[in-house]
Amino acid sequence: MNTKIYGTGSCVPEQVVTNDDLSKTLDTSDEWIRTRTGIERRHIAKGSETASMLAVKAARKALENAKMQPNEIEAILVATTSGDYTFPNTASIVQAELGAENAACFDISAACTGFIYAFSVANAYIMSGMYKKVLVIGAEVMSSLVDWTDRSVCVLFGDGAGAVVLGESETGRHITRLHSNGGKGQVLTAGGLKKEYIKMDGQEVFRFAVKKVPESIEEVLQETGVSREEIKYFILHQANVRIIEAVAKRLGLPMDKFPVNLREYGNTSAASIPILLDELNRGEKLQTGDKLILSGFGAGLSWGSTLIQW
Ligand code: ACO
């Protein structure tokens, strides 16, 4: 028994905020943001738009792409740190909206690595025979977690959701390796008793990412005996183009193996990997049998990679 992605979907808010828009209210510039991060625009939720609303739209598209009905889904896992409520969880709200009455529902909190963690749980459920079809979603309204007067943080983030339907398959391949280092947790925080906005030691996060992501990719390659050249795309969490370039360089691989869409969306945390995967799928960039590595990293600190076969 193995697992396979049967469908993907994504959704971002309609409202676009450009770097130039931000420079009207903040002491920043398009040039600073673009050269330091690669980000040009981000989509930001308007008014009452929530993570669950984005998640539902992404999930509907994924189900349609998979040619499956909501009542076939046995579990819904939402990776998020910006869900609608403390409880109920966002997955339950998605369940109700979709009419996926047969699904068990819960959220997973692992920040920007959240989608990889959720995906690994879904995979384990299917491999164990407990469930056959699982909806895995990354959905975030990061704009609710940033202080819009803090130029060092607010320019980096955007809102959105991405979803995949994972199911059992005779072929395919899937191996995930996850890591955490709680001792470094204070490098990147939000919330707490004082309900604070995101606080980040940007340079420390940068150093962590460019060291741990290549190590984590090497780890899954070694465990599977697959060479880095056999991987069609490395789909990394979209935090910063300079992190992605540094990872490509450390692995000795060309940037065309590392698709990038953060110019348009900024950092959408747990949603960034499934949004990018959906763009590749709908852009007909993926063929059956393609080997892909998905790699996440972020608060916790946490990181992890998964090798899948399309
Ligand atoms: N516009 C203009 N100037 C700014 C801005 C801004 N938006 N933000 C900070 N600055 C200023 C600072 O105040 C500082 O000014 P000073 O020299 O007068 O003190 C100067 O720019 C340099 O600031 P640094 O923080 O040293 O800038 P750095 O080169 O490290 O770039 C950045 C900051 C882009 C955040 C970088 O550290 C980085 O990419 N870190 C990775 C972290 C990341 O991507 N986090 C995303 C969330 S976490 C995740 O997804 C894993």
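For ligands, and for the atoms within them, numbers begin at 1 and follow the listed sequence. Values below: every heavy atom of this structure, side chains too, minus hydrogens, waters and symmetry copies.
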- Message: L188 versus ligand 1: do any nitrogen or oxygen atoms come within less than 3.5 Å of each other?
- Response: no
- Using a strict cut-off of 4.0 Å, indicate which atoms of ligand 1 neighbour a heavy atom of S152. 8 (N)
- Query: In terms of residue, atom name and distance, what is the protein heavy atom nearest to atom 41 (C) of ligand 1?
  - Reply: G202 O, 3.4 Å
- Query: Are any non-hydrogen protein atoms located under 4.0 Å from atom 28 (P) of ligand 1?
  - Reply: yes
- Report yes or no: do V146 and I39 belong to one cluster of Ile/Leu/Val/Met/Phe/Trp/Tyr joined by side chain heavy-atom distances under 4.5 Å? yes
- Numbering as shown, the atoms of ligand 1 that approach G298 to under 4.0 Å (heavy-atom distance): 51 (C)
- Task: Check whether any protein heavy atom sits under 4.0 Å from atom 17 (O) of ligand 1.
- Result: no
- Message: Just checking H237 against F115, ring centres under 6.0 Å apart?
- Response: no
- Query: Closer than 4.0 angstrom: is that true for some heavy atom of A209 and an atom of ligand 1?
  - Reply: no
- Query: salt bridge (Lys or Arg N to Asp or Glu O under 4.0 Å) between R228 and E218: does it pass, once the steps are laid out?
  - Reply: CA-CA 8 Å; R228 59 188 73 179; E218 291 282 13; 2.4 Å; yes
- Query: With no hydrogens and no angle check, do the side chains of S92 and N89 hold a donor and an acceptor under 3.5 Å apart?
  - Reply: yes
- Message: Checking K285 now: which residues fulfil side-chain hydrogen bond (donor to acceptor under 3.5 Å, both in side chains) with it, not counting sequence neighbours?
- Response: none
- Query: Side chain or backbone of L26 under 4.0 Å from ligand 1, or both, or neither, by non-hydrogen atoms?
  - Reply: neither
- Selected option - heavy-atom contact closest to atom 15 (O) of ligand 1, from R242, R151, Q203: R151
- Which of these, F157, W303, W32, F297, has its nearest heavy atom closest to atom 4 (C) of ligand 1? W32
- Protein residue, atom and distance nearest to atom 46 (C) of ligand 1, heavy-atom basis: N267 ND2, 3.4 Å
- Item | Nearest protein heavy atom with distance in Å, relative to atom 1 (N) of ligand 1 | T28 OG1, 2.6 Å
- Quick one: look at N240 and ligand 1, take heavy-atom pairs under 4.0 Å, and tell me if it's side chain, backbone, both or neither. side chain
- For the residue pair Y117 and S180, confirm or rule out a side-chain donor-acceptor distance under 3.5 Å. yes
- May I ask which of M200, Q238, E204, R36 has a heavy atom nearer to atom 43 (C) of ligand 1 than the others do? M200
- Subset of ligand 1 atoms that lie under 4.0 Å from at least one heavy atom of D27: 1 (N), 2 (C)
- With a cut-off of 4.0 Å, which atoms of ligand 1 are near a heavy atom of C112? 49 (C), 50 (O)
- Message: Testing the 3.5 Å rule here: is there a donor-acceptor pair between the side chains of Q287 and K232?
- Response: yes
- Task: Would you please classify the geometry between the F106 ring and the Y125 ring as parallel, tilted or perpendicular, with 30° and 60° separating the classes?
- Result: perpendicular
- Query: What are the atoms of ligand 1, with element, lying closer than 4.0 Å to any heavy atom of V155?
  - Reply: 7 (N)
- Message: Can you confirm if the aromatic rings of W303 and F208 lie within a centre distance of less than 6.0 Å?
- Response: yes
- Does the side chain of Y265 come under 3.5 Å of the side chain of E40 through a donor N or O and an acceptor N or O? no
- Under 4.0 Å from one or more heavy atoms of A239, ligand 1 contributes atoms 44 (O), 50 (O)
- Message: If we count only N and O atoms by modelled type, under 3.5 Å, do the side chains of H43 and D159 hold a donor and an acceptor together?
- Response: no
